[in-house]
K.L.:
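Sharing a structure, written as structure tokens. Questions coming.
For clarity, every value in this text was computed on a predicted model and none was experimentally measured.
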Amino acid sequence: MAAIALKVKNKNGQHILKDLTSASTVGELKMFLSSLSDVSIDRIYVLCGYPPKPLDISNDNSTLNDVGLKTGETLILEEKTSTPETTPKSPQPKPLENGIVSHETIGSCRPGILMKKVVPPDNSCLFTSIGFVLNGNVDTTVHTLMRQIIAMEVASDHDTYNEAMLGKPNADYCAWIQQPSSWGGAIEVAILSRFYGIEMAVVDTLNAIINRFGEDKNYGQRVFLLFDGVHYDPLYLEQSDGGIQTLFPAEDMEIYREAEQLAHEAKSSRQFTDLNKFTLKCMVCNKFLTGQAEAQRHAKETMHTNFGEV
């Protein structure tokens, strides 16, 4: 019987389970998961894989091998929620956070409102946003793992990730991206899109366009991120029953058109960051800088390259 080590993530943090084998039962797994959290056995809900999907733990007598669990996998532990039975109400239009106007999905079998989830501007907003669309919750610690994934990918392919592409030597980039103060962008989105096997559509409100990463890979699902020129936030569909949806079938062009419309509305109402006016802080010398050009000039004069959002 092969020993199985599983990484378990829940709202209380991350844990490693090492006391199980492939012959351990689902019932035993649920007991361990309950002991790691404040979730009772009958309310345990588990997601697994990339992108995360519900794990069938309905049969307590099934073995971990039966349900397809292998060593090294990550389990996302959540608590089942009960939704009271009420008469469904027609969803009412409402504004998104920070003033972006949302709109209903007219004529859809899954009525809801396209929303923005605001995540902290802590230099890891891209990674937090990707974590939200994959897992459905804001976890500001996911950036550490994602930065490691990116560094490993870049380090393994010096031909693709050369100095011309990265703007710095491969080894320097790998060290840089793992620093919590380093921002993610197009290179990082492309790598994570491939790693998680999902298309990532970045809704650019500065230029009113959608940049699709993984578009040519025929992935089955798509997620949406909102980018205002500096900051990333995730998009999700808030449904009339209070649930949320962050993963969409790649062929669902209705929600894609909703995201396009949101980009145009955001640009027309100037809901983006003016790169000539926003404020940055040099994380090396703590100097405050106004605009992209001033930050670039400071970097050239001082060789300081770590900047934070203000």
Side-chain angles (χ1 to χ4, degrees), residues 6-16 33 36-39 45-52 73-79 81 96-98 100 115-153 173-193 195-196 198 200-203 205 213 223-238 244-247 273 278-284 286 305-310:
L6 301 169
K7 180 184 290 186
V8 180
K9 296 173 59 178
N10 70 344
K11 64 182 180 181
N12 297 325
Q14 297 189 23
H15 313 270
I16 302 293
L33 294 178
L36 291 175
S37 64
D38 52 4
V39 181
Y45 181 70
V46 178
L47 297 168
C48 181
Y50 296 107
E73 294 201 74
T74 297
L75 304 183
I76 300 168
L77 171 60
E78 298 181 355
E79 183 174 8
T81 56
L96 285 180
E97 298 172 68
N98 288 359
I100 293 181
M115 301 283 288
K116 176 180 72 173
K117 181 69 176 179
V118 176
V119 301
D122 58 0
N123 304 312
S124 294
C125 58
L126 169 63
F127 309 116
T128 305
S129 295
I130 291 176
F132 180 86
V133 294
L134 292 178
N135 303 327
N137 63 290
V138 175
D139 181 352
T140 55
T141 68
V142 296
H143 72 93
T144 302
L145 175 60
M146 292 187 188
R147 292 176 187 277
Q148 291 171 352
I149 290 167
I150 293 163
M152 286 189 291
E153 169 66 19
Y173 170 88
C174 292
W176 171 82
I177 193 59
Q178 293 186 77
Q179 298 172 13
S181 58
S182 300
W183 295 9
I187 292 173
E188 294 73 28
V189 176
I191 292 173
L192 293 174
S193 170
F195 180 82
Y196 290 113
I198 192 167
M200 296 186 180
V202 178
V203 182
T205 61
F213 295 84
V223 297
F224 292 92
L225 307 173
L226 193 72
F227 180 58
D228 69 0
V230 172
H231 182 76
Y232 288 89
D233 285 307
L235 292 177
Y236 66 96
L237 191 74
E238 182 172 308
I244 68 169
Q245 180 180 353
T246 59
L247 292 163
T273 301
F278 78 105
T279 302
L280 288 173
K281 178 182 178 181
C282 176
M283 306 304 289
V284 180
N286 295 322
T305 58
N306 282 343
F307 299 98
E309 296 179 60
V310 177

K.L.:
Taking ring-ring contact (aromatic ring centres under 6.0 Å, His included) as the test, write out the residues that go with F127, two or more places apart.
P.N.:
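Checked F127 against ring-ring contact (aromatic ring centres under 6.0 Å, His included); zero matches.
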K.L.:
What distance do T141 atom OG1 and H143 atom NE2 have between them, rounded to the nearest 0.5 Å?
P.N.:
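So the OG1 of T141 and the NE2 of H143 are separated by 7.0 Å.
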K.L.:
Is any side-chain heavy atom of V133 closer than 4.5 Å to a side-chain heavy atom of K117?
P.N.:
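No, too far: nothing below the 4.5 Å cut-off.
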K.L.:
Looking at D233 and V119, would you say the former's side chain and the latter's main chain have a donor-acceptor pair under 3.5 Å?
P.N.:
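A pair under 3.5 Å: yes.
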K.L.:
Between T246 and V223, which heavy-atom pair has the shortest distance, and what is it?
P.N.:
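Answer, listing the atom of T246 first, then V223: O-CG1, 3.5 Å.
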K.L.:
Please examine the side chains of L192 and I149, heavy atoms only from C-beta on, and report whether any two atoms are closer than 4.5 Å.
P.N.:
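Yes - at least one pair of side-chain heavy atoms lies under 4.5 Å apart.
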K.L.:
State, to 0.1 Å, how close A151 and Q178 come at their nearest heavy-atom pair, and which atoms those are.
P.N.:
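Where A151 meets Q178 most closely, the heavy atoms are CB-NE2, 3.5 Å.
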K.L.:
With a 4.5 Å limit on heavy-atom distance, are the side chains of L126 and L225 in contact?
P.N.:
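Of all side-chain heavy-atom pairs linking L225 with L126, at least one is under 4.5 Å.
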K.L.:
Has the side chain of T74 got a donor or acceptor atom that lies under 3.5 Å from a matching backbone atom of L6?
P.N.:
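Not confirmed, T74 side chain does not pair with L6 backbone.
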K.L.:
If I compare all heavy atoms of N135 with all of E78, which pair ends up nearest, and what's the gap?
P.N.:
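Heavy atoms only, the tightest pair is O-OE2, 3.4 Å.
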K.L.:
What residues form a side-chain hydrogen bond (donor to acceptor under 3.5 Å, both in side chains) with E153, not counting sequence neighbours?
P.N.:
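In terms of side-chain hydrogen bond (donor to acceptor under 3.5 Å, both in side chains), with neighbours along the sequence ignored, E153 is linked to no residue.
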K.L.:
Mind running side chain to side chain contact (heavy atoms under 4.5 Å, CB included) on I191 and M146 for me, showing each step along the way?
P.N.:
CA-CA 10 Å; I191 292 173; M146 292 187 188; over 6 Å; no
K.L.:
Nearest 0.5 Å, please: how far is CE in M200 from CZ in F224?
P.N.:
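Spacing of CZ (F224) from CE (M200) equals 12.5 Å.
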K.L.:
State which residues pass side chain to side chain contact (heavy atoms under 4.5 Å, CB included) with A190; sequence neighbours excluded, sorted by chain then number.
P.N.:
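Residues passing side chain to side chain contact (heavy atoms under 4.5 Å, CB included) with A190: R194, F213.
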K.L.:
Mind checking the SG-NE2 spacing from C125 to H231? Nearest 0.5 Å is all I need.
P.N.:
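Result: 4.5 Å between the selected atoms.
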K.L.:
How about S124 and T140: do any of their side-chain heavy atoms sit closer than 4.5 Å?
P.N.:
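Answer no - side chains too far apart.
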K.L.:
Measure the shortest side-chain to side-chain distance between V202 and Y232 over non-hydrogen atoms and say whether it is less than 4.5 angstrom.
P.N.:
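A side-chain contact exists here, since the closest heavy-atom pair is under 4.5 Å.
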K.L.:
Are I198 and L247 close enough that some pair of their side-chain heavy atoms sits under 4.5 Å apart?
P.N.:
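Side chain of I198 against side chain of L247, heavy atoms only: contact under 4.5 Å found.
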K.L.:
For C48 versus E73, what's the shortest heavy-atom pair and its separation?
P.N.:
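Closest pair (atom of C48, atom of E73, distance): SG-OE1, 3.4 Å.
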K.L.:
Hey, are the side chains of I150 and Y173 touching, using non-hydrogen atoms and a 4.5 Å cut-off?
P.N.:
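Yes, side chains in contact.
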